[in-house]
Structures are given as structure tokens and as C-alpha cells.
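Working notes, beginning with the structure itself.
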Amino acid sequence: MKGTLRYALDAIGPSAIVALLVTSFWSMVDTAAFIHDALPIVLGLLGVLAGKKILGSIAWATLAGVCAYGATLYGFSLLT
């Protein structure tokens with residue numbers, strides 16, 4: 001299978017994962033305090049992406065995401 005159909009089929013898996021993550025995290029975001037709720041989630045997901053791209057392993061990607069999420073929450077705790 002080549003061409004556009006192959007690219008479309010290759011995109012289904014990552015698209016489904018992103019849809020599940022958005023659905024899972026949506027209830028954690030409070031609209032009254034959006035930045036305090038959404039920023040750790042976004043930075044945690046970016047940490048996962050960076051860990052996978054830079055280090056190439058899902059274990060390192062998970063660790064990078066957890067560290068980014070935890071560091072953001074810790075940073076917010078220092079500000080309050």
C-alpha cells in the first residue's frame with residue numbers, strides 16, 4: 001500500500017492515542033484555574049514527546065513526562 005492511503009492509515013494509531021489522552025485529561029482541567037490545571041498536563045505530554053524523540057525509548061519517555069509534570073506542579077507550589 002503506497003501513497004495517501006498509507007499515510008492516512010499510519011496516522012490512525014497516534015490520532016487515537018491523542019484522542020484518548022484528551023478525553024482522559026479533560027475532566028482534570030478546571031476552567032476557573034485553567035493555567036494551573038492544564039499547564040502541568042501539557043508539559044508532561046511534551047516531556048513524553050521529547051523523551052521519545054531524544055532518547056528513543058518508551059521508558060525514558062515516560063520518565064521525562066513524569067519529571068516534567070512533577071516539576072511543573074512543584075514550581076506552582078513554590079509560587080503559592
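If you read the sequence from its start, that first residue is 1, and numbering goes on from there.
Taking Ile, Leu, Val, Met, Phe, Trp and Tyr as hydrophobic and joining them when side-chain heavy atoms fall under 4.5 Å apart, one finds V66 isolated, its cluster having no other members. By the 4.5 Å side-chain criterion applied to Ile, Leu, Val, Met, Phe, Trp and Tyr, L49 is assigned to no cluster and stands alone. Other cluster members for L78: Y74, joined by side-chain heavy-atom distances under 4.5 Å among Ile, Leu, Val, Met, Phe, Trp and Tyr.
In terms of the side-chain contact (heavy atoms from CB on, under 4.5 Å) criterion, residue partners of L46 (sequence neighbours excluded) are, by chain and number, V42, L43. Every residue two or more places apart in sequence or in another chain that forms a side-chain contact (heavy atoms from CB on, under 4.5 Å) with L73 is listed here: P40, Y69. Partners of L55 according to the side-chain contact (heavy atoms from CB on, under 4.5 Å) rule, which considers only residues two or more places apart in sequence or in another chain, are W60.
Between A68 and G47 the shortest heavy-atom distance is CB-CA, 4.2 Å.
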